[in-house]
Amino acid sequence: MEKQKLYELLQELHSELEQADAVDEKTGQLLESLKSDISKLVQEESSLEDGQEDLSQNLSQALSHFEEEHPRLSMTIQYVLDSLARMGF
């Protein structure tokens with residue numbers, strides 16, 4: 001059940017990242033990295049464990065970067081990080 005919830009959160013996060021407005025270079029790089037990591041886990045048949053480390057690291061960086069300017073995105077990122085923690089990652 002927890003895995004299914006995580007996949008749903010990843011899909012939601014991916015959708016929000018796709019809708020992000022014009023951003024500076026650093027933000028753009030973070031967004032692209034997150035989109036790539038999430039696509040690997042959600043759209044491809046790779047296991048969660050295979051991409052979890054990169055995703056967790058990128059999510060943590062993005063969380064601190066987006067907190068002020070993108071509170072909704074930050075909240076979704078935090079939910080994903082919490083889900084990963086509950087799953088033991």
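Just so you know, residue 1 is the first one in the sequence shown, and it goes up from there.
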**Study point:** Separation between CD of Gln29 and NZ of Lys26, rounded to the nearest 0.5 Å
**Key:** 9.0 Å
Exercise for review: Using salt bridge (charged side-chain N to carboxylate O under 4.0 Å, His left out) as the criterion, list what pairs up with Glu67, not counting sequence neighbours.
Suggested key: none
**Study point:** Nearest-0.5 Å distance, CG of residue Leu59 to OG of residue Ser64
**Key:** 11.0 Å
Point to revise | Where at least one partner belongs to residues 71-80, residue pairs that pass salt bridge (Lys or Arg N to Asp or Glu O under 4.0 Å), sequence neighbours excluded | key: Glu16-Arg72
Practice item. State which residues pass side-chain contact (heavy atoms from CB on, under 4.5 Å) with Gln78; sequence neighbours excluded, sorted by chain then number. Key: Leu63, Leu81, Asp82
Review point. What pairs with Gln61 under side-chain contact (heavy atoms from CB on, under 4.5 Å), at least two apart in sequence or on another chain?
Key: Leu30, Gln57, Asn58
